[in-house]
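Written below as structure tokens is the structure these notes are about.
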Amino acid sequence: MIDLRTLREDPDRLRASQRARGEDESVVDSLLDLDERRRSALASFESLRAEQKSLGKSVSKASGEEKQALLDRAKELAAQVKAAEAEAEKLGAELDELLQTVPNIVDPEAPHGGEDDYVVLETVGTPREFDFEPRDHVELGELLGAIDLDRGAKVSGARFYFLRGVGARLQLGLLNMAMQQAIEAGFVPMITPVLVKPETMQGTGFHVAHDKEIYRLPEDDLYLVGTSEVSLAGYHADEILDAKDLPLRYAGWSSCFRREAGSYGKDTRGIIRVHQFDKVEMFSYCRPEDSREEHLRLLNWEKEMLAKIEIPYRIIDTAAGDLGMSAARKFDCEGWIPTQGRYRELTSTSNCTEFQARRLSVRYRDKDGRPQTAATLNGTLATTRWIVAILENHQQKDGSVVVPKALRPYVGLDVLEPVK
RNA sequence: GGAGGAUUCGCCUAGUGGCCGAGGGCGCACGCUUGGAAAGCGUGUAUAGGGCAACCUAUCGGGGGUUCAAAUCCCCCAUCCUCCGCCA
């Protein structure tokens with residue numbers, strides 16, 4: 001949620017941001033108009049209410065005819081107060097509703113435009129030359145007895161899978177390595193709820209009612225998270241944090257659930273795009289003025305992880321139109337997938353500035369003891385999808401896969417051997 | 001699933017219709033006292049919105065109602081605790 005007071009002072013900032021995203025600018029004027037009307041409705045309610053209160057006090061002191069006269073007036077006033085309050089509430093609700101639809105103000109440094117207007121910031125490593133025809137991760141997963149897609153489909157349907165044997169070990173090792181790195185960097189390790197209440201989902205910037213990506217449990221009014229970012233953002237909701245504890249950093253391990261509606265036909269093969277996967281996610285609460293630096297730190301921790309799996313990757317600066325609701329800026333690290341001949345997203349780190357925290361009411365006390373809205377950031381340390389990159393980049397001619405050195409202690413194997 | 005109890009300012013607690021946004025204690029902050037500290041004394045100590053100064057308004061788990069007036073009365077819901085049942 002954007003800040004109304006800032007909007008009043010500098011509406012052009014939001015206009016520019018909407019332009020950069022390729023979205024509607026007129027929302028700015030609608031907001032300003034509604035805000036103005038709500039404030040005046042609120043003011044008239046408040047003065048009527050003040051009158052009612054003081055009148056009420058004189059009622060209790062008066063007696064006889066005088067009291068009756070006062071009562072009559074008070075009764076009349078009570079009706080007016082009620083009407084004024086209803087009007088103010090109505091406008092407030094309208095304003096809130098509109099405000100809910102406005103995405104975060106983008107960082108002016110973010111590239112303008114849509115999905116394809118990203119800027120490549122850095123390319124690390126070079127794709128390996130194969131002296132044999134590389135197998136894709138599906139084939140390798142099958143050879144190694146690591147990924148069972150057929151039975152995943154049998155049990156749960158399309159885009160489900162079993163990780164088994166070395167596949168399960170690879171995921172556990174990878175995510176444990178991520179957790180270990182996070183712990184060493186001072187993160188608090190967390191295993192988070194995967195079902196959350198609507199206000200947590202909404203607060204994090206996902207629309208419970210409209211978002212086609214969210215799995216819902218209507219019977220219980222609970223929602224499956226698409227990332228532990230949601231649970232970790234909600235963790236400090238309605239709290240005022242101690243400034244000396246900032247930045248507060250958490251590393252959450254959870255399964256993630258995505259409906260992948262509207263992606264029919266995309267990545268139907270393998271475990272690139274699935275309904276359920278596991279992820280270790282960094283989440284940080286910090287002062288807004290520190291958030292840009294924090295964002296770069298998160299990116300560096302992602303690079304550190306990627307270095308450990310020894311694959312070529314590049315970093316892109318996502319364009320404004322592709323930032324989603326909450327992010328002001330987003331960097332993705334994309335790993336090289338040999339059989340696709342292109343880079344695919346392995347990590348994503350977003351600076352959500354105060355957007356999520358304002359919705360969730362996460363604040364901290366500044367030097368003067370005044371509550372201020374915190375900034376929140378998130379970034380990926382590892383996910384199930386990384387298995388694709390590891391298998392494909394480190395495969396050998398016989399179908400075996402060399403485990404990257406850093407990962408070996410966590411997986412307990414140097415090489416994954418075919419089972420058939 | 002059933003029965004009962006609870007939910008007030010960071011914590012503990014007072015408060016059964018107007019004098020309660022709300023008293024006390026603890027904690028915390030500042031000051032006095034002291035060679036220094038403790039104790040003691042004094043002052044302050046929620047959040048949000050509006051004017052942005054005095055001040056005004058809202059909020060006593062959430063929502064609705066009764067009333068001129070609700071922390072206080074009524075209804076619904078949520079959470080926690082206890083007991084019973086059910087499952088393992």
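To find a chain, count down the sequence lines: A is the first, B the second, and so on, and within it residues start at 1.
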Between [N] and [M], how far is it from one [atom1] atom to the other, in whole Å?
{"N": "B:rA22", "M": "B:rA71", "atom1": "C1'", "result": "8 Å"}
{"N": "B:rU45", "M": "B:rG50", "atom1": "P", "result": "22 Å"}
{"N": "B:rC20", "M": "B:rA69", "atom1": "C1'", "result": "13 Å"}
{"N": "B:rU16", "M": "B:rU67", "atom1": "C1'", "result": "16 Å"}
{"N": "B:rG61", "M": "B:rC12", "atom1": "P", "result": "14 Å"}
{"N": "B:rG65", "M": "B:rA70", "atom1": "P", "result": "12 Å"}
{"N": "B:rU43", "M": "B:rA6", "atom1": "C1'", "result": "36 Å"}
{"N": "B:rA38", "M": "B:rG27", "atom1": "P", "result": "12 Å"}

On the nucleotide [N], are OP1 or OP2 found under 4.0 Å from the side-chain N or O atoms that [X] carries?
{"X": "A:R5", "N": "B:rG49", "answer": "yes"}
{"X": "A:R39", "N": "B:rU57", "answer": "no"}
{"X": "A:R363", "N": "B:rA48", "answer": "yes"}
{"X": "A:R38", "N": "B:rG50", "answer": "no"}
{"X": "A:R8", "N": "B:rG50", "answer": "yes"}

Name the pairing partner of [N], where a pair is Watson-Crick or G-U wobble with both distances under 3.5 Å, or state none.
{"N": "B:rA78", "result": "B:rU7"}
{"N": "B:rC32", "result": "B:rG40"}
{"N": "B:rC60", "result": "none"}
{"N": "B:rA14", "result": "none"}
{"N": "B:rG21", "result": "none"}
{"N": "B:rC52", "result": "none"}

Quiz item: Tell me, which of residues 73-97 of chain A have any heavy atom that sits under 4.0 Å from an atom in RNA chain B?
Solution: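 Those residues whose heavy atoms fall under 4.0 Å from RNA chain B, taken from residues 73-97 of chain A in numerical order, are A:A74, A:K75, A:A78, A:K82.
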Quiz item: Of all of residues 42-54 of chain A, which get a heavy atom below 4.0 angstrom from RNA chain B, listed by number?
Solution: A:L42, A:F45, A:E46, A:R49, A:A50, A:Q52, A:K53
Is any side-chain N of the basic residue among [X] and [Y] closer than 4.0 Å to the acidic one's carboxylate O?
{"X": "A:K154", "Y": "A:D150", "result": "no"}
{"X": "A:E87", "Y": "A:K82", "result": "no"}
{"X": "A:R49", "Y": "A:E85", "result": "no"}

Exercise. Please find out if less than 6.0 Å separates the ring center of A:H236 from that of A:F283.
Key: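 Judged by ring-centre distance (under 6.0 Å), A:H236 and A:F283 do not meet the cut-off.
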Practice problem: Tell me whether the centres of the aromatic rings in A:F257 and A:H275 are closer together than 6.0 Å. | Solution: no
Quiz item: Do any pairs count as a ring pair (Phe, Tyr, Trp, His ring centres under 6.0 Å) and have a residue in residues 9-48 of chain A, sequence neighbours left out, and if so which ones?
Solution: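 Passing the test, one end in residues 9-48 of chain A: no pairs.
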Exercise. Please check if atom CZ in A:R273 has more than 12 non-hydrogen atoms from other residues, nucleotides or ligands closer than 6.0 Å.
Key: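 Counting neighbours around CZ of A:R273, more than 12 heavy atoms of other residues, nucleotides or ligands fall under 6.0 Å, so yes.
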Quiz item: Are side-chain N/O atoms of A:E281 and A:S228 paired as donor and acceptor at under 3.5 Å?
Solution: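 Their side chains do not contain a donor-acceptor pair, so the 3.5 Å distance test is not met.
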Quiz item: Relative to the 5' end of RNA chain B, which residue comes earlier, A:Q372 or A:G56, by the nucleotide with the nearest heavy atom?
Solution: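 The answer here is A:G56.
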Quiz item: Can you tell me how far CG of A:L31 sits from CD1 of A:I2, rounded to the nearest 0.5 angstrom?
Solution: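 Between atom CD1 of A:I2 and atom CG of A:L31 there are 5.5 Å.
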Practice problem: Report yes or no: does A:Q18 contribute a side-chain atom to a donor-acceptor pair with the main-chain N or O of A:D24 at less than 3.5 Å? | Solution: yes
Quiz item: Which whole-number value in Å describes the distance from A:R358 CZ to B:rG49 C1'?
Solution: 15 Å
